[in-house]
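Written below as structure tokens is the structure these notes are about.
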Number of protein chains: 2
Amino acid sequence: MVVTPQLLKTFPLLSGLPYATLEGIAGQSSVRRAARRAIVLNAGQNEEQICFLFEGRLQGVDFTIDGREVGLYFVEPGEFCGELCLFDGGAQPEFVMALTPSVIVSIPLNSMQTLLKMHPELFATISAKIAGHVRKMTFQRSLLGLPNIAQRVCCQLWMLVPEKDKEKEEAQIRNPPTHMEIAIMLNISRETVTRVFQSLQNRQIVKRDGTSLLVVNKVGVLRGYAEGKQEL
Amino acid sequence: MVVTPQLLKTFPLLSGLPYATLEGIAGQSSVRRAARRAIVLNAGQNEEQICFLFEGRLQGVDFTIDGREVGLYFVEPGEFCGELCLFDGGAQPEFVMALTPSVIVSIPLNSMQTLLKMHPELFATISAKIAGHVRKMTFQRSLLGLPNIAQRVCCQLWMLVPEKDKEKEEAQIRNPPTHMEIAIMLNISRETVTRVFQSLQNRQIVKRDGTSLLVVNKVGVLRGYAEGKQEL
DNA sequence: CGTCTTATGTGACCGCAATCACCCCGTTTT
DNA sequence: AAAACGGGGTGATTGCGGTCACATAAGACG
């Protein structure tokens with residue numbers, strides 16, 4: 001499929017670039033659909049591409065020495081991943097997998113490097129992204145320290161609430177991760193996640209609406225659980 | 001205390017700089033001793049300094065919502081920390097604490113920024129350092145996925161073995177972290193770490209030599225445990 | 001020197017989440 | 001339409017590591 005400048009313009013990182021530049025980049029880029037569970041980036045390889053997520057949800061995953069899956073972070077539409085090679089040319093440390101059918105725009109590493117030379121102001125955004133990633137990982141790690149499992153799940157759920165809905169009473173989480181995908185993020189078993197969700201549903205705090213929508217009815221209460229102000 | 005150019009030159013990041021430049025930086029920098037448990041960098045604040053560790057050992061630590069300590073990474077002599085503000089000007093995400101009495105050289109953020117303008121080639125090293133940090137955190141996260149606790153401890157211990165000793169039969173770990181400090185890195189209790197160490201000592205794999213030295217007698221065996229090839 | 005503090009060592013107990021085994025249900029595949 | 005699959009739901013069991021409560025050892029320090 002063809003990458004259009006309009007498509008590239010939808011990504012915050014690139015939205016400020018002149019049309020002509022975007023046209024050039026578009027010519028070197030590619031767009032692909034990734035099926036559920038498809039590998040977008042491989043660990044341990046020099047992937048040499050920056051992946052922009054247009055639609056869907058991705059997850060960074062790693063594996064322990066004994067083969068268990070470990071969830072690292074989620075990638076939401078508009079964000080990108082695989083940018084670590086811009087910093088040290090090294091290999092991709094973790095796998096990136098599509099959790100839902102996704103649309104991904106890939107810009108090759110060297111196109112990206114050329115672009116950065118022409119527009120060094122983009123460096124600030126990319127640096128900020130990496131810095132943000134470090135902060136996110138730090139926070140995620142601190143989640144694992146919580147002895148209360150339900151609180152862990154609520155924190156993770158809270159992070160999936162769209163920014164714009166955090167102050168509202170009700171929120172929607174589109175394409176929510178499966179229980180398994182949440183479980184590996186939090187180092188707990190799938191069954192335990194299910195049981196916490198049951199508990200939340202019984203209290204009418206969340207509600208499933210089909211397979212691709214999770215409604216948070218009482219955003220404030222969820223937040224309370226996440227912050228440990230109330231026990232589930 | 002006064003920072004000399006010679007002191008700065010001991011740090012890999014700065015060792016390639018001309019003497020005159022180092023003199024300039026030295027004038028703006030400061031060196032301090034941090035006692036055991038002293039806070040070197042505060043979380044949530046704009047610390048605006050890059051800290052180079054000359055001697056000792058530091059640990060990045062965070063706290064969960066309910067106040068538990070979480071260990072994030074260790075800083076070894078020659079390395080630096082607090083560099084995240086170079087990337088987004090944001091606050092320091094985690095605390096950095098001295099585990100042993102340490103000597104730390106601090107370069108203010110704006111001196112560092114000026115230096116980077118004059119010597120953009122340093123960017124590569126700093127970028128690589130951040131990239132390395134991301135890789136380290138990813139690995140550390142995958143450690144937490146290990147269901148076998150003893151293996152986790154052995155992995156952590158293996159990472160403390162100096163690079164130069166990894167192929168040898170015997171290795172020394174100077175200023176080893178306490179059991180508690182290892183425990184918070186691995187999300188396990190202090191007692192459990194103690195029990196694993198007992199087990200390792202009984203099998204003559206490690207040996208304490210005073211308070212500031214841990215001798216690994218059988219490096220290969222430790223590695224075997226770390227990689228899950230043998231069960232402890 | 002004795003006193004304080006911090007680190008380590010160890011047993012007993014117990015609670016909680018992992019595991020296992022199975023169910024249901026909706027979707028996709030054949 | 002049947003079969004296969006993946007996701008979610010649930011009970012019973014159990015083992016492992018957390019917690020608690022001490023004991024002991026080793027420095028730190030006046």
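Here is the naming used below: chain letters follow the sequence lines, and residue numbers restart at 1 for every chain.
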Nearest whole angstrom, please: distance from the C1' of C:dA7 to the CE of B:Met180. 11 Å
Between C:dT19 atom C1' and A:Ile149 atom CD1, what is the distance in whole Å?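 One finds 15 Å between C1' of C:dT19 and CD1 of A:Ile149, rounded.
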Classify [X] by what it touches in the nucleic acid, base, sugar-phosphate, or nothing, heavy-atom distance under 4.0 Å.
X	answer
B:Gln198	sugar-phosphate
B:Gln201	sugar-phosphate
A:Thr211	nothing
A:Arg36	sugar-phosphate

Between A:Arg36 and A:Glu181, does any NZ, NE, NH1 or NH2 come within less than 4.0 Å of an OD or OE carboxylate oxygen? yes
Return whichever of B:Thr178 or A:Asn148 has its heavy-atom-nearest nucleotide of DNA chain C closer to the 5' end.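 Its nearest nucleotide being more 5', the pick is B:Thr178.
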Take A:Arg190 and A:Pro147, find for each the nucleotide of DNA chain C with the closest heavy atom, and name the residue whose nucleotide sits nearer the 5' end. A:Pro147
Report yes if some heavy atom in the side chain of B:Pro177 is under 4.5 Å from a heavy atom in the side chain of B:Arg57; otherwise report no.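 Yes, at least one pair of side-chain atoms sits under 4.5 Å.
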With a 4.5 Å cut-off on side-chain heavy atoms, are A:Leu144 and A:Arg152 touching?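 When only atoms from C-beta onward are counted, A:Leu144 and A:Arg152 do touch, with a gap below 4.5 Å.
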Classify the side chain of B:Arg195 and the base of D:dT19 as holding, or not holding, a donor-acceptor pair under 3.5 Å.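 Between D:dT19 and B:Arg195, which were checked side chain against base, a qualifying N/O pair under 3.5 Å is present.
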Tell whether A:Arg208 reaches the base of D:dG7 with its side chain through a donor-acceptor pair below 3.5 angstrom. no
Among D:dG8, C:dA18, D:dA21, the one nearest B:Glu191 by side-chain distance: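 Selected nucleotide (nearest to the side chain): D:dA21.
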Determine whether B:Thr192 and B:Phe197 satisfy the following criterion, side-chain contact (heavy atoms from CB on, under 4.5 Å), listing intermediate values before the conclusion. CA-CA 9 Å; B:Thr192 301; B:Phe197 266 84; over 6 Å; no
For B:Ser212 and B:Thr192, find the nucleotide of DNA chain D closest to each by heavy atoms; which residue's nucleotide sits nearer the 5' end? B:Thr192
